[in-house]
Every structure is written in structure tokens, then in C-alpha cells.
2 protein chains.
Amino acid sequence: MAEARKSTLWLVAERAGVSIASVSRVLNGQPASQRVTERVRAAAAELGYVPDATARSLKVGRTEQIALAVADVGNPVYVGMMHEISRVVTKAGYRLVLSSTGADPKDQIDLLVGLNRGFADGLILSPLRAPEELGTQLRASRFPIVIIGSVPPGVELDNVRADSVAGMALAVDHLAGQGRERIAFVNGPVDTVPGAARRNGYLTALKALGREPGTQVTARDFTYQAGLRAASTLLEKDTPDAIVCANDLLAIAALNVATRRGLRVPDDVAIVGMDDTDIADLANPAITSVNLGATKRARTAAKLLLRRLDKPDAPLRQVVIEPTLTVRDSS
Amino acid sequence: MAEARKSTLWLVAERAGVSIASVSRVLNGQPASQRVTERVRAAAAELGYVPDATARSLKVGRTEQIALAVADVGNPVYVGMMHEISRVVTKAGYRLVLSSTGADPKDQIDLLVGLNRGFADGLILSPLRAPEELGTQLRASRFPIVIIGSVPPGVELDNVRADSVAGMALAVDHLAGQGRERIAFVNGPVDTVPGAARRNGYLTALKALGREPGTQVTARDFTYQAGLRAASTLLEKDTPDAIVCANDLLAIAALNVATRRGLRVPDDVAIVGMDDTDIADLANPAITSVNLGATKRARTAAKLLLRRLDKPDAPLRQVVIEPTLTVRDSS
DNA sequence: CTGTTAGCGCTTTCAT
DNA sequence: ATGAAAGCGCTAACAG
């Protein structure tokens, strides 16, 4: 019989007195005789045998890994999405590879090239910025990709996105409905996907009400620190009775700046955030926030990818999640 | 010459008119003649060739992946650590596989078994709870592991931990130094690693000052919601002039409960958190917090693992990070 | 310097 | 039902 190839599988086979094929079968739950099954299980247990993931992947052509690339770790909304995606894919037997691309779009390109090396079976991508080149690379990918956010023009991929216009309308209508006259807007960079979408939503919502836009300021990025500066600038040059902010971090910054300037929230000025993250709840007063369905988007994206992994030829799906408004004490 | 094996490498080799070995060499930067190098590069570019990660891994015995298992995504301190670890390992050419184990220790066991399947080259583990069985499994692992937090007894692994006793002393001394008489403590579950350590620190710090412990309450977990309940309970039965909290989430909960009960912070009651996360800064008033060096612990852990991956026989290293106190407005 | 060849550990026909 | 053997795509001796 066989030369002593040393593959771990051989050790088990040898010990059980069967062929490696039988061992493989038993361990993968394929039909085998009672006798063989028992011997293999025993041998495997005694040896503490654990099959090698890499070898299996090479053979079957699947890594059982899913890659996730989110724009901005540090922003609680992405953390929440990550968590949810992790839950869903783990339950489906996949591992999550975190490719934390920063704000730099180049990282995303690198990632897509990397994906073609087959370290993961698919990718969930939530780009902060979507330059032309991203579309090109997206089209060239050999692996399934699901986009959270809008897909670049000409790219045919499953995707799920928020309805920023409807979301902003929720916020603006809420404020207008309680008689707020001067609704200002603290946005993040408008050259980002969410920045552009939310700005659009703000303008659209006011126009629908037949109103002129209020004062708009743009934070350098979507962080608390940038929000502090932006809110200061805003309150320096205007006295709005309501401030809509492009996310909760900016909102809590606006809240703190307003409070420190002696304004009462919500009496003097109402504040509304977006994303409805945990931190909206732990601010004091708690911040009213537009829930853009981040968790649901994440879950949906994960499921879309799992579906496509399962049936590569399933019809394309583009899902839009409807927003809701969580009213708290700041408005 | 050769039968048409279809390995992708063959396509490039064929096109370049060389052997697969030459292709491999060129692509891995090993010496080759000018002529071959050029032809291979050209062929690879034309074909859009990207080497397969799985096959390479199987051959070289390394996946270039590092697994990370943190106790509690959702707690900002872990998010920060994750971010830092991601940074360090990515720079070193590794991918990060996120194994978000929940509070259930069983998940950690599963993970360790999984690790033995070789999906990653090493693991960074930050256990929330460390039952006996974890130690057993830790000892049985065939792959390098770095622990953030204390190692279970009898386990010899690289590890890096915070000095909770020194950290608590910083907080307590600070409060005592400004004349606070009744220093209460809001802790998380004491059957967790940090819960036990911080409780110990609290008691030790007060004893060192020759004082009796103040009122202690235990939140159901380390979340904001649990903190609200715990803080309510505390302020129901006592009127401390200072509250130390086992983390920033609990601290911000205590802050809000105190404020809502009409207490002025820091005048009536001072509040100090631990971990010194972003949210300590965005509370109003901003919360004084003990910096237990989370980022540094994370970075150190990542480097320890990279070092061990590089030299498996390097001497064991156990690092303790010294805490500092970030004084803000709540004390 | 370059090509041939032997596997890495596993799954999966294909015979038996 | 079981075993022998052929690779998955790549790297690394070893020859030449």
C-alpha cells in the first residue's frame, strides 16, 4: 500500500485503516458504512484532527469568507452596520474579513484588485466617495459585490441604499410642523456620497414646502470635532431656530455648541440628526434623529450577497430602505 | 512540451513563452533575465492576471490573515482597538478577520478550534470572561495567540494588559484630592475580566487612602442602558459627591441620570469614567476619564503577534500599559 | 538563468 | 460502499 504521504488526512486514514477518501467522506457527512464511520470518527478524535481550511478552499473554490469595506470606522453608524453584517454572514457559515478602507478611494481600488486574488468569495462595499475609476474596477471584478449606497452609473450590481430625500423630508417637515422658521443645515463634505445625497434631500424638502433654503455650513468631515467648528461658524453668522445635521456626530456637536452659547434646546433651537445611532440616545437632551435604516441596509446587503453567492444568476436587485423619524427631546 | 494544464499561471506562461516557474519568479521579484521579466510582465498585464491567494497559502503555509476576537463590539473602546489593530496588521501585509464573539465564552472556544483549521496565521483575543476551559483550549492551539487582558493561570502566551489598579487609583486620588468624601462606584458584571479588575482597583485605591469603600452598584452589562438603571439605583439609595464608573458608557449614563435628578455636575457630584473614549469627550459636560491605554494595548498586541509570527521562538512577553487620567469638566 | 517536477492537504470522479 | 488517482494554482527544489 501507499507510500507514506504525510498529509494530515493520511494520518487519520492510516490510524482508521481506511483510505483518505473514506475519511473525507465521513467527515463531510457523506454515506459510509457504520463500521468505517465509527473508526474514522474515533481516529480523528484521538488525533485531534481538524481539516485544513486552505486546502479545502483550493479544492472547492470557495473561501467561505466575505469581505467588508466600510468608509469610516469611528462613525457609529458604520460600526452598527458592521456588527449586523457580521451577525448575518457568520450565521451563514462565512467569516468576515474587514478591509477598513479609509477615506482614500485608492484603498478601495486596491481592495478590488485584492479581491480578484480570491481571498474572499464576495464583497460588501460602502464607498464614501465614488470616483469614476471605482466604477471601472467594479465592472471588472470577477467576484460578487454588493454596494451599500448608490452604484456608479453603468455598473450593474446588487445594491441597497437609503432614501435620503425622504429622510430629509421627515426631518424638515417635522420641524416646519412645529413652527420652526429658519431651518439651518450642517452637512459633511458634499463630494461624498452621503454628503451629496443629504444636501439634495435638504434642498428638495424645503422646496416642496415652498421655502428658501436656510443657512448651510459644511464640516470638513463627518466627525464630532469637525462638527464643533461647523456649528460654531453657523451660530456665529445666523440665529436659526432649528438645525438639521447630516449625521448624529455633527448633531451632538451642534447641540453642545448651542448649549454652550446659552441657547436652550429645543426651546430656542431644535436639533435633528441623521442615522439614529446609539449616541443620539445618550446625548442630553437626547437627539431626534432620522433613522435611515442602517441596520436594515446592512442586513439586506448581507442577504443579497449570500443570495448571489448561492445563485450567481439571480436577477439584479436594487433595494431602497424607507426612513423613519425617531423623535426625542431635542426637537 | 507540456499538456495544457489550465492553471492560470499556465496561461501567462504560455503567452510569455516561458515556464510557469519563470512566471512565478518574476512575479515574486526573484532574479530573472531582462527579457523574461519583460515578457512575463507584459503577458500578465494583458491577461489581467492576479495570483490566487488560496493556492499560494496552501503552498507557503501562511494565509496572511490575522484573526481578531473582541468581546463586545458596540463598546467604543473595542471599536478603537479594532481600528488600531487593523491599521497595524494591514501595514504589515495581513488581512484582518473579524471573529466577533459575543459575551458567550463558547464562541471563543469555537473560534480556537476554528483557528486550528488554519484560516489565519495568528489570533488576537480579548476575552470578556475567561472560564477554565478557555485556558485549556488556549494551551492546545497550534497557532500564535496574543491575549489582551490577563492570561488564564498556566497559560504561557504573549499578552498585554491595562493596570486597572493604578488606573482606579488615578481616579480615586483625583477625586479625594478635591475633597470628595463619598466616592461611589458603578461597575459592570464582576464575573467579567474587566469587571473584576476594576472592582479590585476601586477597593485597593480606597484602602490605600485609609478609607472605607463607598456605595457600589453593578450594571447588568457594560452598556448605556444598563448604566441608566444602575445609576438610578445608586442615586436612589445614596447621595455620593463623586461617582467612578467602570467605563465611559456607564459614566455618561450616570451623568445623565444625575443631571435629570437635578444634580449639578461637577458641583454636586463629580463623575469619572474609564477608557477615555471619544464619547467621554462629546458628553456635556465632557467626562473626566481614566485612559487605560486601549489604543496602545491594541497596537502593542498587534506588534507582539507580528513579532511572534516572524520569530516563533522569541521569548515570551507580557506587557503592562500604564494608565493616565484625562481630566475634563465632569470633575 | 530557466525548465521540470514534486507536492501543499483536500475533494471528487472513476473504477472496483 | 470503498480505494486509487487526478488535480485545485501555486512555490521551491533540483537539474540542466
Side-chain angles (χ1 to χ4, degrees), chain A residues 1-41 43-44 47-64 114 116-121 142-143, chain B residues 1-41 43-44 47-64 114 116-121 142-143:
Chain A
M1 194 167 72
E3 345 76 279
R5 291 228 206 115
K6 45 190 168 240
S7 153
T8 316
L9 208 45
W10 271 94
L11 267 45
V12 180
E14 209 167 33
R15 178 147 194 149
V18 299
S19 72
I20 60 168
S22 291
V23 177
S24 177
R25 283 192 202 100
V26 170
L27 266 32
N28 290 338
Q30 286 171 43
S33 71
Q34 190 71 50
R35 217 181 65 84
V36 169
T37 303
E38 277 167 13
R39 303 191 56 141
V40 169
R41 287 209 195 294
L47 265 43
Y49 172 75
V50 183
D52 182 88
T54 304
R56 178 168 213 285
S57 289
L58 179 58
K59 186 62 191 175
V60 302
R62 287 177 292 109
T63 60
E64 320 231 288
N116 281 331
R117 304 191 349 173
F119 70 81
D121 301 336
R142 303 181 306 143
F143 291 88
Chain B
M1 195 170 65
E3 347 74 280
R5 292 229 205 115
K6 45 190 168 244
S7 152
T8 315
L9 208 45
W10 269 95
L11 268 46
V12 181
E14 209 167 33
R15 177 147 195 150
V18 299
S19 72
I20 59 168
S22 290
V23 178
S24 177
R25 282 191 203 101
V26 169
L27 267 32
N28 291 337
Q30 287 172 43
S33 71
Q34 190 72 50
R35 216 181 66 84
V36 169
T37 302
E38 277 168 12
R39 302 192 56 141
V40 168
R41 288 208 194 295
L47 265 42
Y49 172 75
V50 183
D52 183 86
T54 305
R56 177 168 214 286
S57 289
L58 179 58
K59 184 62 191 175
V60 304
R62 286 175 294 109
T63 60
E64 319 229 291
N116 281 330
R117 305 189 351 172
F119 70 81
D121 301 336
R142 311 191 334 246
F143 291 87

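The chains referred to below are lettered A, B, ... by the order of the sequence lines, with proteins before strands, and numbering in each begins at 1. Keep in mind that the numbers below use all heavy atoms, side chains included, and drop hydrogens, waters and symmetry copies.
- One can place CZ of Arg62(B) at 11 Å from P of dT11(D), the figure rounded to the nearest angstrom.
- Scanning for salt bridge (charged side-chain N to carboxylate O under 4.0 Å, His left out) contacts around Arg62(A) gives Glu64(A), with sequence neighbours left out.
- Atom CH2 of Trp10(B) is separated from atom P of dG7(D) by 13 Å (rounded to the nearest Å).
- With hydrogens and angles ignored, the 3.5 Å screen pairs no side-chain donor or acceptor of Ser24(B) with any backbone N or O of Ile20(B).
- One axis for each end of the helix from dC1(C)-dG16(D) to dT16(C)-dA1(D), each built from five base pairs, and the angle between them comes to 40° at 10° resolution.
- The shortest distance between the side-chain N/O atoms of Tyr49(A) and the OP1/OP2 oxygens of dC10(C) is below 4.0 Å.
- Nearest nucleotide to the side chain of Ala55(B), out of dG9(D), dT11(C), dG9(C): dG9(D).
- In this structure, of dC10(C), dT2(C), dC10(D), it is dC10(C) that holds the atom nearest to the side chain of Leu9(A).
- Contact of the Arg41(B) side chain with the Thr37(B) side chain is registered, since non-hydrogen atoms from C-beta on lie closer than 4.5 Å.
- Partners of Ser22(B) by side-chain contact (heavy atoms from CB on, under 4.5 Å), not counting sequence neighbours, listed by chain and number: Val18(B), Ser19(B), Arg25(B), Val36(B).
- Between Ser22(A) and dG3(D) there is a side-chain polar atom (N or O) within less than 4.0 angstrom of OP1 or OP2.
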Start with the C-alpha distance between Tyr49(B) and Leu9(B), add both sets of side-chain angles, then the distance that settles side chain to side chain contact (heavy atoms under 4.5 Å, CB included), and finish with yes or no. CA-CA 8 Å; Tyr49(B) 172 75; Leu9(B) 208 45; 3.4 Å; yes

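- For the OP1/OP2 pair of dC8(C) and a distance below 4.0 Å, the side-chain nitrogens and oxygens of Ser57(B) include no atom meeting the criterion.
- Rounded to whole Å, atom C1' of dG3(C) lies 15 Å from atom CZ of Arg39(B).
- Nucleotide dC8(C) holds its P atom 12 Å from the CG atom of Leu11(A), rounded to whole Å.
- Between Leu27(A) atom CG and dT12(C) atom P there is a gap of 13 Å when expressed in whole angstrom units.
- For the pair Leu58(A) CG and dT12(C) P, the computed distance is 12 Å after rounding to whole Å.
- For residues 26-40 of chain B, no pair satisfies salt bridge (Lys or Arg N to Asp or Glu O under 4.0 Å), with sequence neighbours left out.
- In this structure, CD of Gln34(B) is placed 10 Å from P of dT2(C), rounded to the nearest angstrom.
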Are Asp52(A) and Arg117(B) close enough, and set up right, to give a side chain to side chain contact (heavy atoms under 4.5 Å, CB included), and what steps lead you there? CA-CA 5 Å; Asp52(A) 182 88; Arg117(B) 305 189 351 172; over 6 Å; no

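- By the salt bridge (charged side-chain N to carboxylate O under 4.0 Å, His left out) test, Arg15(A) is found to be paired with Glu46(A), residues two or more places apart in sequence or in another chain being considered.
- In this structure, CG of Leu47(A) is placed 15 Å from C1' of dG9(C), rounded to the nearest angstrom.
- Side-chain contact check for Phe119(B) versus Thr54(A): every heavy-atom pair is 4.5 Å or farther apart.
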Show the distances under 3.5 angstrom between N or O atoms of the protein and N or O atoms of nucleotides 12-16 of chain D.
from	atom 1	to	atom 2	distance (Å)
dA13(D)	N6	Arg25(B)	NH2	3.4

